[in-house]
There are 2 protein chains.
Amino acid sequence: MLEAKLAEAGTLKKLLDAIKELVTDANFECNEEGINLQAMDNSHVALVAVHLEAAGFKRYRCDRPMPLGVNLTSLTKVLKCAKDDDITTLKAADEADVLNLVYEAKNSDRIAEYDMKLMDIDSDTLGIPDTEYDARVTMPSAEFTRIVRDLSQLGESVRIEVSKEGVRFASEGEAANGSVLMKQTDGASVAGGNKIMAKTKREDGVDEEEQEGGEEEEQEEGGSKKAKKEKVKKEKTDGDVDMVVDDEEKEDGEEEFKPNSDDEEGEEEQGDDDENEDEDDDEEGGKKRKKKANGSAKPKKKAKTSSSSSSKSKLKKGKKEDDEDAQAITIEMNQHVSLTFSLKYLVNFSKSASLCPKVQLMMSNDVPLLVAYDFGQGYIRYYLAPKIGDD
Amino acid sequence: MLEAKLAEAGTLKKLLDAIKELVTDANFECNEEGINLQAMDNSHVALVAVHLEAAGFKRYRCDRPMPLGVNLTSLTKVLKCAKDDDITTLKAADEADVLNLVYEAKNSDRIAEYDMKLMDIDSDTLGIPDTEYDARVTMPSAEFTRIVRDLSQLGESVRIEVSKEGVRFASEGEAANGSVLMKQTDGASVAGGNKIMAKTKREDGVDEEEQEGGEEEEQEEGGSKKAKKEKVKKEKTDGDVDMVVDDEEKEDGEEEFKPNSDDEEGEEEQGDDDENEDEDDDEEGGKKRKKKANGSAKPKKKAKTSSSSSSKSKLKKGKKEDDEDAQAITIEMNQHVSLTFSLKYLVNFSKSASLCPKVQLMMSNDVPLLVAYDFGQGYIRYYLAPKIGDD
DNA sequence: CGCGCCGTCG
DNA sequence: CGACGGCGCG
């Protein structure tokens, strides 16, 4: 059975607000680690992944993995019945067809209880490999919201370009063209040379090895090492085409959503190859990039040899500072990237700003953008394939 | 070329917000004095005139007069992309077909640049004569907003009546009738006898003669003295009929919007006939009013002889006090006026309240109302013809 | 200044 | 019918 007690209903409400427009039904995959939700958006262009850490709950118990098929519209309605600061307990029996929600007012003078019907949802959970990116932009989430909403007034698409200059968002439209350039806050040169990978708050301050090995629950749940070799067809079309999974090499029943294509060796995605990993990474990343019509030099390698450990600590320091000052803008770049995305989706993603004062944009050329919001109890991550004709 | 640097985008944003519903396309007439915009509203019932003083810009340069044809919807969109406190630079090359806008965040970590397409717009700029009115009400702009919004819930029209009692706004509706009476703040008797003419802030404290001669750029730009004799047909209908310009006597190519009908002599609109002007005014105004079903005595003349100079200084003092205390209500009256206007338009005009804490209502019987908001860098003025059946 | 409600647009 | 934006209120 599942029993998860959340200190505040607000987190859940905001989460649902953030994704309910994108996804109508989804499985809440509950296990002893916490709760995960992963789904393609309704038009199968974007992917959203939510994680709620077991430790983030006031109380958490889940004897064995159970998927709870939830209609998000229904859950949103039920959650509207909770005040933001209500203590909220989610309960589901094994094989249950209802999710029980109990809202307890802070002062306990009110207890509300709801039973929401569950549904069976085809679990097309994709394994999302932990991928290295060429660039990460960390900025105030409100700023990101602002930029994409502004530009969405002008046109449909935005080109996001990370260079030494900073990060530029540029759109073209009927009435006007617009371009927003954000520079690293302190004017320091753009950080580079460190590995740029998604990580969660709870991983701050732990060793990088640990980060790499431990951060993607999806990996442990679904993917074997062999499965890691599966390859996503990045169909970079303008609209409604799925980010489909290539069947070749698939060896277990689970599909994998794999934004990066550094897959010939694939071992760097595992946490068990430790320090050698960096070098492997560079080799593989470099090879791959060449193959992909981006044959520029590998600044990553150079940077790595010159400043690997220092830039690692710098990265961590930067992240801490962001926590202290949500206004900071940090740009890490190992490679110039320039990608074009649908503003409609980015505007949608940016709703999650209420969950977290900052957002990370992780990019590599020709690879889906990762938009990540990390909050205390977990994260919400969006993946969006670039449009074709980008550059 | 034009290059105009504004300390805060907010001013421009508020201006556009204020007029974009009224007007869709308009020429920004730029010259070395500043920027002017003048347009009839879409249904040609009201006229809006905006002036931005060159001196109000952080930097201003305009080599030669250039009209920039702007779609206000587009400009509004582009301005939405600016934060209120962004330093904003407008640039346009000679004969350019785009307006370049650069927004620079106060801390310079963000620079956004937009290019907005320009269009050719028939420049039907009207010369707006500097007219003397029978009454001026200066009141907190929020108060005006409130009153017209309140009354608009009851009916379509408001009768605005200025008398010794104060200024009364009265509406009649199906469900209820309403009347709001505002008295001069300090309870002092209503000022009268001075010339009541629109003036801008920068003119405070200069001689009245200078005010009269120098305050309407539209005059210098467009109207000759002969043109002043042109006469507006005041078609005082409820809705869609233009405030058209009468062709008779028109001697240059420029049309003129002429809210006052003291036009047989017409010279009082020039600054060069000084003190005698008042008497001419009274004669002409009186004649005209008689012709138009307002045959009341001419209190203006009496007031002038008794308190002309003292009330002039009082007027200036009153305006200064308004600057100090935006809550003050000042009523100046040379003649009882009673006019009826469409509330829909007044509600629309009152949006400009965000630009300036006070508003001036200038009225003469049977003449378009002038609603004027003066802010630091310029002004926005609305003219609205009275409805028939007023009084 | 932030939140909630109403109206408009997709 | 739902979402987004604007306006009004506390």
Side-chain angles (χ1 to χ4, degrees), chain A residues 8-10 13-25 41-43 45-46 48 71-86 140-157 173-175 239-240 326-327 342-355 357 382, chain B residues 8-10 12-24 42 72-85 106 140-154 343-355 357:
Chain A
E8 305 204 333
K13 294 174 72 169
K14 284 178 211 151
L15 261 176
L16 266 288
D17 279 345
I19 65 173
K20 71 173 195 292
E21 194 181 330
L22 223 47
V23 180
T24 56
D25 304 299
D41 82 293
N42 292 328
S43 46
V45 173
V48 56
N71 175 286
L72 299 191
T73 308
S74 300
L75 180 54
T76 301
K77 282 180 185 168
V78 175
L79 285 173
K80 286 229 174 89
C81 303
K83 292 182 65 180
D84 276 11
D85 61 351
D86 283 352
S141 54
E143 196 86 45
F144 180 63
T145 302
R146 173 79 198 210
I147 290 169
V148 294
R149 185 182 305 158
D150 282 354
L151 293 180
S152 72
Q153 294 192 96
L154 305 182
E156 308 261 298
S157 307
E174 294 288 293
D240 282 333
Q327 294 313 301
S342 155
L343 277 163
K344 176 167 156 278
Y345 282 93
L346 297 184
V347 168
N348 208 315
F349 300 167
S350 73
K351 284 191 205 170
S352 298
S354 61
L355 283 159
Y382 300 93
Chain B
E8 304 206 334
L12 213 46
K13 293 177 71 171
K14 286 179 207 150
L15 261 176
L16 266 288
D17 278 345
I19 64 174
K20 70 172 194 291
E21 197 177 326
L22 224 46
V23 181
T24 55
N42 292 328
L72 298 191
T73 308
S74 299
L75 181 55
T76 301
K77 279 182 186 172
V78 174
L79 284 173
K80 286 224 179 95
C81 302
K83 293 180 68 175
D84 276 10
D85 61 352
K106 275 259 144 57
S141 54
E143 197 86 46
F144 179 63
T145 303
R146 175 77 199 210
I147 290 169
V148 295
R149 189 187 304 153
D150 284 354
L151 294 180
S152 70
Q153 313 229 341
L154 305 182
L343 277 165
K344 176 167 157 278
Y345 283 92
L346 296 184
V347 168
N348 207 314
F349 300 167
S350 74
K351 284 193 210 166
S352 298
S354 59
L355 282 159

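Worth knowing before you read on, the calculation uses all heavy atoms, side chains too, and leaves out hydrogens, waters and symmetry mates. If you're wondering where the values come from, they're calculated on a predicted model, not measured in any experiment. So that the names make sense, note that chain A is the first sequence line, chain B the second, and so on, each numbered from 1.
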key: Side chain of A:Lys20 (C-beta onward), nearest among D:dA3, D:dC9, D:dG5   = D:dA3

Separation of atom NZ in A:Lys77 from atom C1' in D:dG2, rounded to whole Å = 11 Å

request  = Tell me, with the steps shown, if A:Asn348 and A:Tyr382 meet side-chain hydrogen bond (donor to acceptor under 3.5 Å, both in side chains).
outcome  = CA-CA 10 Å; A:Asn348 208 315; A:Tyr382 300 93; 6.0 Å; no

key: Euclidean distance, atom NZ of residue A:Lys83 to atom P of C:dC3 [Å, nearest integer]   = 15 Å

ask   = From the list D:dG8, D:dC4, D:dG5, which nucleotide is the closest neighbour of the side chain of A:Arg149?
value = D:dG5

task = Calculate the interatomic distance between A:Lys80 atom NZ and C:dC5 atom P; express it in whole Å.
result = 12 Å

message = What I'd like to find out is whether the side chain of A:Phe349 reaches to under 4.5 Å of the side chain of A:Val48, using heavy atoms alone.
response = no

ask   = In whole angstrom, what separates B:Leu79's CG from D:dG6's P?
value = 13 Å

message = Mind checking if A:Lys351 touches a base, just sugar-phosphate, or nothing, with heavy atoms under 4.0 Å?
response = sugar-phosphate

message = How many whole angstroms separate atom CG of A:Asn42 from atom P of D:dA3?
response = 11 Å

task = For the pair A:Lys13 and A:Asp17, find out whether any cationic side-chain nitrogen is under 4.0 Å from an anionic carboxylate oxygen.
result = no

key: Spacing between A:Leu346 atom CG and D:dC4 atom P, to the nearest angstrom   = 14 Å

request  = Supply the atom-to-atom distance A:Lys14 NZ to A:Leu79 CG, rounded to the nearest 0.5 angstrom.
outcome  = 12.5 Å

key: Rounded interatomic separation in angstrom, taking CG from A:Asn348 and P from D:dG5   = 11 Å

key: Separation of D:dC9 P from B:Gln153 CD (nearest whole Å)   = 9 Å

